[in-house]
Amino acid sequence: MDQIASLIRDIPDFPKPGIIFKDITPLLADAAAMASVTQALAEPYRNAGITRIAGIESRGFIFGSLLAAELGCGFVPLRKPGKLPWRCRRRDYTLEYGTASLEIHEDAVGPADRVVIVDDLLATGGTMAAAATLVAEGGAQVLGLSCVIELTFLDGLRLLQHPFHALLRYP
Ligand code: AMP
């Protein structure tokens with residue numbers, strides 16, 4: 001994991017003052033490191049009968065798609081409002097400053113689905129909690145929530161009600 005951590009770059013004051021943005025683009029550019037990340041994300045869920053990976057827009061799409069291919073299951077996008085073309089269910093949630101929303105196609109998951117939700121990073125937890133609610137409201141079983149990075153000082157875990165895995169924890 002040290003090798004993976006060395007490929008994540010801190011960008012101070014992006015996108016606004018006071019935020020240290022975790023830039024994963026050097027990690028994305030390294031094929032061997034991305035293969036290791038995919039293996040590590042898959043580890044808890046091999047032989048768990050996962051039917052769908054739900055990825056959170058946009059960086060969750062990258063890791064989620066790789067994980068879906070690795071586990072041999074389908075992928076479901078959770079998107080910002082107005083992006084999905086079919087009928088949607090929507091969840092509004094609170095961010096550190098302001099609000100945001102996520103949508104899912106209403107037929108994307110159902111009672112037969114066993115789902116893991118993926119994003120690049122857990123901060124305050126609002127995004128992941130909204131994603132879990134959307135998937136659970138579809139009748140699916142949420143087996144777990146996975147991120148590459150957890151910012152532990154923001155205590156996002158307090159909003160989560162399913163098993164959570166992160167590959168790297170900061171600080
Ligand atoms: P939150 O809902 O506060 O847990 O925020 C998580 C979402 O915001 C994820 O989709 C992240 O990609 C993004 N995010 C929040 N904080 C950061 C950060 N410091 N660096 C990179 N992405 C972040």
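Note that ligands are numbered from 1 as they come in the structure, with each ligand's atoms numbered from 1 the same way.
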Number the atoms of ligand 1 from 1 as they appear, then name those within less than 4.0 Å of a heavy atom of [X], with their elements.
X: G126; value: 2 (O), 4 (O)
X: I20; value: 18 (C), 19 (N)
X: T124; value: 1 (P), 2 (O), 3 (O), 4 (O)

Which bit of [X] is near ligand 1, meaning a heavy atom under 4.0 Å away: side chain, backbone, both or neither?
X: L151; value: side chain
X: R59; value: side chain
X: L121; value: both

Identify the heavy atoms of [X] and [Y] that sit nearest to each other, and give their distance.
X: G60; Y: F75; answer: O-CE1, 4.3 Å
X: E106; Y: R87; answer: OE2-NE, 2.7 Å
X: P15; Y: F21; answer: CD-CD1, 4.2 Å

Heavy-atom nearest neighbour in the protein, as seen from [atom], with distance rounded to 0.1 Å:
atom: atom 11 (C) of ligand 1; value: D120 OD1, 3.5 Å
atom: atom 2 (O) of ligand 1; value: T127 OG1, 2.5 Å
atom: atom 20 (N) of ligand 1; value: K22 N, 2.9 Å
atom: atom 10 (O) of ligand 1; value: D119 OD2, 2.7 Å

Original post:
Is there a donor-acceptor pair closer than 3.5 Å between any side-chain N or O of T94 and the backbone N or O of T99?
Top reply: no
Original post:
Do R89 side-chain atoms and L134 backbone N/O form a donor-acceptor pair below 3.5 Å?
Top reply: yes
Original post:
Less than 4.0 Å between atom 8 (O) of ligand 1 and some protein heavy atom, yes or no?
Top reply: no
Original post:
Does G125 reach ligand 1 with a nitrogen or oxygen that is under 3.5 Å from one of the ligand's nitrogen or oxygen atoms?
Top reply: yes
Original post:
When you look at CD1 of I11, are more than 12 heavy atoms from neighbouring residues, nucleotides or ligands closer to it than 6.0 Å?
Top reply: yes
Subject >> Q161 atom CD, neighbour heavy-atom count above 12 within 6.0 Å >> reply: no
Original post:
Just by distance, with hydrogens left out, do R90 and S101 show a side-chain donor and acceptor under 3.5 Å apart?
Top reply: yes
